[in-house]
Amino acid sequence: MNFNLTEEQIMIRDAARDFAKNELLPGVIERDEKQQFPAEQIKKMGELGFLGMMVDPKYGGSGLDTVSYVLAMEEISKIDASASVVMSVNNSLVCWGLETYGTEEQKQKYLVPLATGEIIGAFCLSEPEAGSDATSQKTTAIDKGDHYLLNGTKNWITNGGTASVYLVIAQTDVEKGHKGINALIVEKGMEGFAVGTKENKLGIRGSDTHSLMFTDVKIPKENRIGEDGFGFKFAMKTLAGGRIGIASQALGIASGAYELALKYSKERKAFGKEISKHQAIAFKLADMSTQIEAARMLCIKAAWEKDQKINYDLSGAMAKLYAADMAMAVTVEAVQIHGGYGFVKEYHVERLMRDAKITQIYEGTSEIQKIVISRSILQD
Ligand code: COS
């Protein structure tokens, strides 16, 4: 067993750290307040290869491993989780899904501009009445011979307004249940496709979350991913990797808040000494750093398994469950260590606390991760 990172992995982590400090930190509070999408910053992330990190260079990607992706996601998320969710969705869900299951034509047409960050993508599974219960899709894609006719609504779609390409999960044959679901590539601007108003959110407020409405949108058959009826498996496979990305986001949110709390605790004095010298605070920091390290190990293990082509459904779910719950707890403690300052925006930790909450909800709630984990450990 080797816990050392490679030189390349260290280089990627440091590049992401520098980028986050230099490019994402300025204006992060304002973007959160104004719900402003970090458009310029995302463009630069694309130029640096952060939006197609694991994609083969022949399709415009950086050709890196998943461990490097986890390291970069942690660094970006320490500073700006609104930017890191764009990175996670584009890498783990959209690029990975297309590269793994797309046709050569789909890869040339969609994956190349997505991996280079020329455009960004969105993954559309959740609906007003189907989030956790993902087989209950109400959006329909009726087979019309050479095309599908897409109708329905998708909810809470990250990159909903800014994406150019959308991977949409829809029901073609109700009688076949989950085996009658398809994944379709939808382009912005297709007739009958409308983007709803932007959601006003508790956290990750810089990210661009919308409902999407489809009314008789004609999707050519060549835009279906995989065989007829593969859509649900596609969603499950894709989300399994997505969970490693969101686990790393939660890890970064927690470690960002912890680093701020650690620094503050060494500066702030109370009762004649730095608060870090009071055991009540020192023990909080001890717990926080231990939990962060445990989450980091789970994230890296899941990433390593993915790189080794070992099934990572279980390790990814464990990483996401633990990291998300940990991020919520650690960010609350980071606010507590900051006292009154923690409650005001300038100190960043209140934002990180708000950002942490979504990691327990999207790409499978903590409860869904427990279903995945318990089914896996209980199967014969
Ligand atoms: N990889 C491949 N196939 C998978 C899979 C995975 N990780 N997980 C499930 N499947 C397959 C099953 O094997 C089954 O196919 P077969 O009937 O051919 O065996 C099919 O998918 C249906 O699975 P299952 O019967 O387990 O479905 P359930 O309705 O019980 O739901 C959960 C399973 C809860 C795991 C699934 O609905 C889920 O992940 N929900 C959360 C979705 C989510 O993350 N939503 C957030 C929206 S994205 S922000």
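Since the model is a prediction, treat every value here as computed from it, not as a measurement. Each ligand, and each atom within it, is numbered from 1 in the order the structure gives.
For E104, there are no salt bridge (Lys or Arg N to Asp or Glu O under 4.0 Å) partners, not counting sequence neighbours. K201 is linked by a salt bridge (Lys or Arg N to Asp or Glu O under 4.0 Å) to nothing, counting only residues two or more places apart in sequence or in another chain.
Applying the salt bridge (charged side-chain N to carboxylate O under 4.0 Å, His left out) definition to pairs two or more places apart or across chains, those involving residues 293-313 are E74-R296, E293-R296, K301-E305.
Under 3.5 Å, the side chains of T162 and D208 contain a donor-acceptor pair of N or O atoms.
The environment of CD in E259 is crowded: more than 12 heavy-atom neighbours from other residues, nucleotides or ligands sit within 6.0 Å.
The aromatic rings of Y264 and H338 sit parallel to each other, their planes meeting at less than 30°, with 60° as the upper class boundary.
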Inventory of protein N or O atoms under 3.5 Å from ligand 1 N or O:
residue: ligand 1; atom: 7 (N); partner: D313; partner atom: OD2; Å: 3.1
residue: ligand 1; atom: 17 (O); partner: H178; partner atom: NE2; Å: 2.9
residue: ligand 1; atom: 17 (O); partner: K179; partner atom: NZ; Å: 3.3
residue: ligand 1; atom: 18 (O); partner: K179; partner atom: NZ; Å: 3.4
residue: ligand 1; atom: 18 (O); partner: K233; partner atom: NZ; Å: 3.1
residue: ligand 1; atom: 26 (O); partner: R375; partner atom: NH1; Å: 2.7
residue: ligand 1; atom: 30 (O); partner: R375; partner atom: NH1; Å: 3.2
residue: ligand 1; atom: 30 (O); partner: R375; partner atom: NH2; Å: 3.0
residue: ligand 1; atom: 37 (O); partner: S132; partner atom: O; Å: 3.4
residue: ligand 1; atom: 39 (O); partner: R243; partner atom: NH2; Å: 3.4
residue: ligand 1; atom: 40 (N); partner: S132; partner atom: O; Å: 2.8
residue: ligand 1; atom: 44 (O); partner: R243; partner atom: NH2; Å: 3.0
residue: ligand 1; atom: 44 (O); partner: G364; partner atom: N; Å: 3.0
residue: ligand 1; atom: 45 (N); partner: G131; partner atom: O; Å: 3.1

